[in-house]
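Everything below concerns the one structure shown next.
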Amino acid sequence: MQIYEELKARGLIAQVTDEEEIRELVNNGKAVFYIGFDPTADSLHVGHFMALCLMKRLQMAGNRPIALIGGGTGMVGDPSGRTDMRQMMTTETIQHNCDCFKKQMERFIEFGPDKAIMVNNAGWLMKLNYIELLREVGACFSVNNMLRAECYKQRMEKGLSFLEFNYMIMQSYDFYHMFQTLGCNMQFGGDDQWSNMLGGTELIRRKLGKDAYAMTITLLMNSEGKKMGKTAKGAVWLDPNKTTPFEFYQYWRNVGDADVLKCIRMLTFLPLEEIDAMDKWEGSQLNRAKEILAYELTKLVHGKEEAEKAQETARGLFAGGGSAEHMPSTELPAGKFEDGKIGAIALLVACGLCPSNGEARRLIQQGGMMVNDQKVTDIAASFDQADFLKEGIIIKKGKKVFHRAFIK
RNA sequence: GGGGGAAUUCCAGAGCGGUCAAAUGGGGCAGACUGUAAAUCUGUUGUCACUGACUUCGGUGGUUCGAAUCCACCUUCCCCCA
């Protein structure tokens, strides 16, 4: 099976400008493609991860990837799929985020001569002259068409600033620029980027009379139509300091039944035959599939060792008997103890399991706190400092949140 | 440039002088049921020293015994006309 067919079978392809041409280029390793990443945070998240996987897949098939870091476009802010304007970021934040992105990407993709290229669009966008740009590029865009674009539609009700309106032009210019300087003939991106990407192919056609191609990756949605990779606390990050490998593992271990196979197909590198075999699984058997999904992804993102630790920890906690060594933990400073004891409420707050005393109190009253497998029923309960030595104690909040607290 | 409207707790959205820590829904958290799933049901959801006190309703002042509610100014946003 060739790469294009594989991508299709995995359900990764959402929209393409010219299927025949793209298939031809990609399958023969003739594509020089780019994917842009705007530095909106100091870590990549699951959405970016999909794009990186796609890069890797295509690179393995002999194509050349360009990872574009949006140091310039980040200054503008993409309005696609948003109902409000992004917070404007300072130049320093953008620079910091770019650096973080770069480090993380290097773990997935091989960069170097004849391998993948990494560029930052700040390099050319920041130098643009307004009037020149308007005459050269602005003349090629129809405002009428732009206003019809899907990515701005949502903003028509709430308001769209001129700053953001220009985002499409910046992104189009990127493609145009790299088409000429790097021979980049294809752009990939999330499906929400479709209209921005078409802007680029259109610009190339008008300015240079040449064809360039665009393809979007299916957005990872759960069966309820919500974007995956988000939790109540925010995105699922790839940075182990922001989302620990254990939490990362747990996120995937807990996806809904209806979504497991789709995730495995889209996100892992397991052979399709193997995945098709799993397709027949149902009911509690799917738990096995979820374990595979969680393990595979953790392995890709954090390495084999971390994946095994996370799996071992999860199995231990939920099935009983395993090691608790790798679960999230907190070292309690001696100051938290009074007369060698710490109260249950204070303990929950100190570990970050509850944001306030009130919430901690409620949790205990509702029977949601366990310490070393003993339910805590009294909000006035306290624990001896000595119990926290060595392994410490294991606190369980609700059914799924485990935390170890210890002192040195 | 002219006219009109709006800003409420995580979100949406009621409240329009005291009975408001503020209806209702969503989300979150917890409990029951389960397969670490979904659905369902129940409780809970400002802070603290929690049968009590304190701080909240865009901002700043003012009226009043008393303001989320009335007035003035400011800020932001939306709509209509140009």
Residue matched to B/C70 through Watson-Crick or wobble contacts both under 3.5 angstrom: B/G62
Between A/Asp99 and A/Lys102, is the closest basic N to carboxylate O distance under 4.0 Å? no
With both distances under 3.5 Å as the test, what is the Watson-Crick or G-U wobble partner of B/C16? none
Please report the distance separating the C1' of B/C77 from the corresponding atom of B/G27, rounded so that it comes out in whole Å. 25 Å
A/Glu6 bridged to A/Arg10 by N-O distance under 4.0 Å: yes
Return the set of residues passing side-chain contact (heavy atoms from CB on, under 4.5 Å) with A/Asp257 (not counting sequence neighbours), or none when no residue passes. A/Leu286, A/Lys290
Tell which nucleotide pairs with B/A82, taking only Watson-Crick or G-U wobble pairs whose two distances are both under 3.5 angstrom. none
Could you write nucleotides 42-51 of chain B as a row of B, S and -, 5' to 3', where a protein heavy atom under 4.0 Å of any base atom gives B, of only sugar-phosphate atoms gives S, and otherwise -? -BSS-SSSB-
Can you check the A/Asn287 CG to B/G35 C1' distance for me, whole Å? 5 Å
Which is more 5' along RNA chain B, the nucleotide nearest A/Leu363 or the one nearest A/Gln250? Just name the residue. A/Leu363
If you compare all heavy atoms of A/His302 against all heavy atoms of A/Leu238, which two are closest, and at what distance to 0.1 Å? CE1-O, 3.2 Å
Distance check, P atoms only: B/C71 and B/A7, in whole angstrom units. 14 Å
If the C1' atom of B/C57 is compared with that of B/U51, how far apart are they to the nearest Å? 27 Å
Under 4.0 Å: is that the gap between some side-chain N or O of A/Lys400 and OP1 or OP2 of B/A37? yes
Same-atom distance (C1') from B/G17 to B/U69, integer angstrom: 6 Å
Looking only at B/C33, B/G35, B/U36, the nucleotide nearest the A/Lys290 side chain is B/G35
d(NZ, A/Lys399; P, B/C29) in whole Å: 11 Å
Please work out which of the three classes, parallel, tilted or perpendicular, describes the rings of A/Phe175 and A/Phe179, given edges at 30° and 60°. perpendicular
What's the CD1-C1' distance between A/Ile379 and B/A30, to the nearest Å? 16 Å
Between B/C16 and B/C70, how many Å separate the two P atoms, rounded to a whole number? 10 Å
Separation of atom CD in A/Gln285 from atom P in B/A38, rounded to whole Å: 19 Å
Quick one: classify the glycosidic conformation of B/U51 as syn or anti, with syn meaning within 90° of 0. syn
Rounded to whole angstrom, note down the C1' distance from B/C74 over to B/U19. 34 Å
Tell me the partner of B/C57, counting only Watson-Crick (N1-N3 plus N6-O4 or O6-N4) or G-U wobble (N1-O2 and O6-N3) with both under 3.5 Å; none if nothing fits. none
What is the nucleic acid contact for A/Val255, judged by heavy atoms within less than 4.0 Å: base, sugar-phosphate only, or nothing? sugar-phosphate
Value in whole Å for how far the C1' atom of B/A30 lies from NZ of A/Lys396: 13 Å
Aromatic contact, A/Phe402 with A/Phe318 (centres under 6.0 Å): yes
Report each atom pair, protein N/O against N/O of nucleotides 39-41 of chain B, whose distance is under 3.5 angstrom.
{"from": "B/A39", "atom 1": "OP1", "to": "A/Glu224", "atom 2": "OE2", "distance (Å)": "3.3"}

Across all strands, who's sitting opposite B/A21 as a Watson-Crick or G-U wobble pair, both distances under 3.5 Å? none
Check side-chain contact (heavy atoms from CB on, under 4.5 Å) between A/Glu247 and all other residues, then give those that pass, not counting sequence neighbours. A/Thr243, A/Thr244
For atom CG of A/Leu286 and atom P of B/U34, their distance in whole Å: 19 Å
G-U wobble or Watson-Crick pairing nucleotide for B/G52 (cut-off 3.5 Å, both distances): B/C48
Rounding to an integer number of angstrom, what distance separates B/U76 and B/A21 when you compare their C1' atoms? 26 Å
Partners meeting side chain to side chain donor-acceptor pair (under 3.5 Å) with A/Asn372 (sequence neighbours left out): none
According to the Watson-Crick and G-U wobble definitions, with both distances under 3.5 Å, which nucleotide is paired to B/C77? B/G5
So that I can tick it off, tell me whether A/Arg205 and A/Glu202 are bridged by a salt bridge, with the cut-off set at under 4.0 angstrom between side-chain N and carboxylate O. yes
How close or far is atom C1' of B/C29 from atom CD1 of A/Ile364, stated in whole angstroms? 14 Å
Return the 5'-most residue of the pair A/Lys397, A/Asn254 with respect to RNA chain B, ranking by each residue's nearest nucleotide. A/Lys397
Applying the 3.5 Å cut-off to both distances, the Watson-Crick or G-U partner of B/C29 turns out to be B/G43
Taking B/G1 as the reference, what is the distance to B/A68 when you measure between their C1' atoms (whole Å, please)? 34 Å
Can you check the A/Met369 CE to B/G31 C1' distance for me, whole Å? 17 Å
With the threshold set at 4.0 Å, does a side-chain nitrogen-carboxylate oxygen contact exist between A/Arg288 and A/Glu291? yes
Pairing residues for A/Tyr251 by the ring-ring contact (aromatic ring centres under 6.0 Å, His included) criterion, not counting sequence neighbours: none
Looking at A/Asp276 and A/Arg265, is there a salt bridge between them, counting it only when a charged N and a carboxylate O are closer than 4.0 Å? yes
